A.B. asks: 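Dropping the structure in here first, questions after.
Lettering follows sequence order; numbering is per chain, from 1. It should be emphasised that the depicted structure is a prediction, and the values quoted were computed from it without experimental measurement.
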2 protein chains.
Amino acid sequence: MKLSLRGEYALRALLVLGLNYKQSVLRIQTISQHQNIPKRFLEQILNDLKSAGVVESKRGVAGGYRLARPPADISLASVIRHIEGALAPVSCVSECFYEKCSCPDEARCAIRSVMKQARDAVVAIVEKLTVADLCERARELQELHANPVDFVI
Amino acid sequence: MKLSLRGEYALRALLVLGLNYKQSVLRIQTISQHQNIPKRFLEQILNDLKSAGVVESKRGVAGGYRLARPPADISLASVIRHIEGALAPVSCVSECFYEKCSCPDEARCAIRSVMKQARDAVVAIVEKLTVADLCERARELQELHANPVDFVI
DNA sequence: TTAAATCTACACTGAGTCAATAGACATTTT
DNA sequence: AAAATGTCTATTGACTCAGTGTAGATTTAA
């Protein structure tokens with residue numbers, strides 16, 4: 001898995017929307033400023049996430065975006081797959097985006113077997129984590145920084 | 001981590017060279033035919049691996065390539081890093097190719113923390129595995145296919 | 001010493017992707 | 001009606017990828 005800026009921005013935007021869940025919509029500009037993302041680019045990305053059913057929008061003067069589903073129902077894997085495509089390092093080990101590769105015998109390919117291992121490790125992580133986990137982790141990191149515990153005796 | 005064709009070809013070539021270790025050099029064409037890799041492209045890749053000290057070459061009519069070091073001393077991580085660059089999904093969690101990202105606070109970035117987890121998982125796999133392991137695995141897969149065990153009673 | 005087979009080096013290209021940017025338009029509230 | 005927002009489509013410039021082209025350099029064998 002390799003994240004492009006597009007994918008990174010998508011996750012950052014979802015994190016902000018997750019922290020704002022159950023409240024009113026957030027304007028693109030607000031997210032853009034808060035997360036340091038080019039506004040017009042973020043427009044495209046949020047639109048894309050809308051077509052995936054991850055977020056929903058309200059138009060007009062008091063418009064903006066909010067999550068379309070509870071944060072705990074949005075897995076990072078589903079988001080990344082929608083924005084970036086395959087999670088696997090090579091497409092011949094991808095479950096959702098499989099493509100045949102040019103090696104002489106896929107079934108006996110040692111490299112494929114290694115790559116499958118790598119894929120499974122990554123998928124295990126991002127399939128389990130949701131936007132809710134992301135929010136929780138963000139709050140923890142915030143706490144940690146606000147009240148830094150001194151471990152030196 | 002995402003492998004381009006270049007990286008995949010490099011690993012496939014190293015596997016063949018590993019299986020041929022301690023014997024004479026292998027011609028590009030031999031590897032190219034065996035692994036179904038465009039010959040001219042493979043030339044570039046092997047040259048690149050030579051500059052990394054992974055393989056060495058012999059010129060002239062009976063020339064070709066062989067591994068420059070024992071297969072067990074060549075980790076997949078080092079090869080992939082040389083051909084592809086960072087193993088991490090985003091460069092702000094890369095150890096060898098770190099780059100600052102645009103997020104407001106890297107130390108408190110929840111996404112970064114997730115990405116670091118994914119990076120560590122992948123690195124643990126490819127850092128441990130070597131070309132020797134790849135060869136062993138290839139031989140196992142060969143055996144398995146030659147004498148398929150029937151588990152149905 | 002010549003010919004053939006190989007590696008070496010560098011440049012080039014066509015297709016595609018990435019990260020935006022542009023501009024026109026639709027919708028909603030005040 | 002005006003202003004603030006989201007929607008949609010197209011375009012751009014830089015870059016990467018995967019491969020080709022061409023011209024050599026080196027070595028061995030005849």
Side-chain angles (χ1 to χ4, degrees), chain A residues 1-13 17 24-33 35-68 80 83-86 89-91 97 99 101-103, chain B residues 2-13 17 24-33 35-52 54-68 80 83-86 89-91 97 99 101-103:
Chain A
M1 175 183 60
K2 180 82 177 61
L3 278 196
S4 63
L5 276 184
R6 191 182 189 84
E8 197 188 315
Y9 291 165
L11 293 181
R12 300 230 299 260
L17 290 172
S24 70
V25 298
L26 284 181
R27 289 188 302 154
I28 290 183
Q29 195 170 6
T30 306
I31 304 172
S32 151
Q33 279 170 3
Q35 284 290 322
N36 206 14
I37 301 172
K39 190 184 158 221
R40 300 302 307 274
F41 196 20
L42 183 56
E43 271 180 43
Q44 278 181 21
I45 295 166
L46 286 172
N47 212 303
D48 192 0
L49 289 174
K50 186 187 173 187
S51 78
V54 174
V55 301
E56 60 193 17
S57 67
K58 188 176 171 231
R59 298 172 73 149
V61 68
Y65 285 88
R66 85 182 119 212
L67 295 185
I80 298 173
I83 300 277
E84 306 276 355
V90 289
S91 47
F97 300 85
E99 276 175 76
C101 92
S102 66
C103 78
Chain B
K2 182 80 179 60
L3 278 197
S4 64
L5 276 184
R6 191 182 189 86
E8 197 188 313
Y9 291 164
L11 293 182
R12 301 230 301 258
L17 289 172
S24 69
V25 297
L26 285 180
R27 291 187 301 155
I28 289 183
Q29 196 170 6
T30 307
I31 304 172
S32 150
Q33 279 170 3
Q35 284 290 321
N36 205 15
I37 301 171
K39 189 183 160 225
R40 301 297 313 278
F41 196 21
L42 183 56
E43 272 180 41
Q44 278 181 23
I45 295 166
L46 286 172
N47 212 300
D48 192 2
L49 289 174
K50 186 187 174 190
S51 79
V54 174
V55 301
E56 60 193 16
S57 67
K58 189 176 172 233
R59 299 171 74 149
V61 67
Y65 284 88
R66 88 182 117 212
L67 294 185
I80 298 173
I83 300 276
E84 306 275 355
V90 289
S91 48
F97 300 86
E99 275 176 79
C101 91
S102 66
C103 78

A.B. asks: Looking only at heavy atoms, what is the nearest atom pair of Y9(B) and S102(A), with distance?
C.D. replies: CE2-OG, 3.9 Å

A.B. asks: Quick one: is dT16(D) close enough that its OP1 or OP2 comes under 4.0 Å of any side-chain N or O from S4(B)?
C.D. replies: no

A.B. asks: Dump the pairs, protein N or O against N or O of nucleotides 1-5 of chain D, anything under 3.5 Å, distances to one decimal.
C.D. replies:
unit_1: dT5(D); atom_1: OP1; unit_2: R27(A); atom_2: NE; d: 3.3
unit_1: dT5(D); atom_1: OP1; unit_2: R27(A); atom_2: NH1; d: 2.3
unit_1: dT5(D); atom_1: OP2; unit_2: R27(A); atom_2: NH1; d: 2.9

A.B. asks: Can you name the closest pair of heavy atoms from C101(B) and R12(A) and give their distance?
C.D. replies: SG-NH1, 4.3 Å

A.B. asks: Kindly state each residue pair satisfying salt bridge (charged side-chain N to carboxylate O under 4.0 Å, His left out) with at least one member in residues 58-68 of chain A, sequence neighbours excluded.
C.D. replies: E56(A)-R66(A)

A.B. asks: Quick one: CD1 on I31(B) to CD on E43(B), what's the gap to the nearest 0.5 Å?
C.D. replies: 11.5 Å

A.B. asks: Mind listing the closest non-hydrogen atom pair of S32(A) and L42(A) along with its distance?
C.D. replies: N-CD2, 3.7 Å

A.B. asks: On DNA chain C, compare the nucleotides closest to R40(A) and R6(A); which residue's is nearer the 5' end?
C.D. replies: R6(A)

A.B. asks: When you check the phosphate oxygens OP1 and OP2 of dT6(C), does a side-chain N or O of S57(B) lie under 4.0 Å from one of them?
C.D. replies: no

A.B. asks: Near DNA chain D, which residues from residues 43-52 of chain A have a heavy atom under 4.0 Å away?
C.D. replies: E43(A), Q44(A), N47(A), K50(A)

A.B. asks: When rounded to the nearest 0.5 angstrom, what distance separates CD1 in I45(B) from CD1 in I83(B)?
C.D. replies: 6.5 Å

A.B. asks: Under 4.0 Å from OP1 or OP2 of dA20(C): is there any side-chain N or O of Y9(A) that close?
C.D. replies: yes

A.B. asks: Give the rounded distance in Å between these two atoms: CG of L5(B) and P of dG16(C).
C.D. replies: 14 Å

A.B. asks: Find the distance between CD1 (I80(B)) and CG (L3(B)) and round it off to the nearest 0.5 Å.
C.D. replies: 5.0 Å

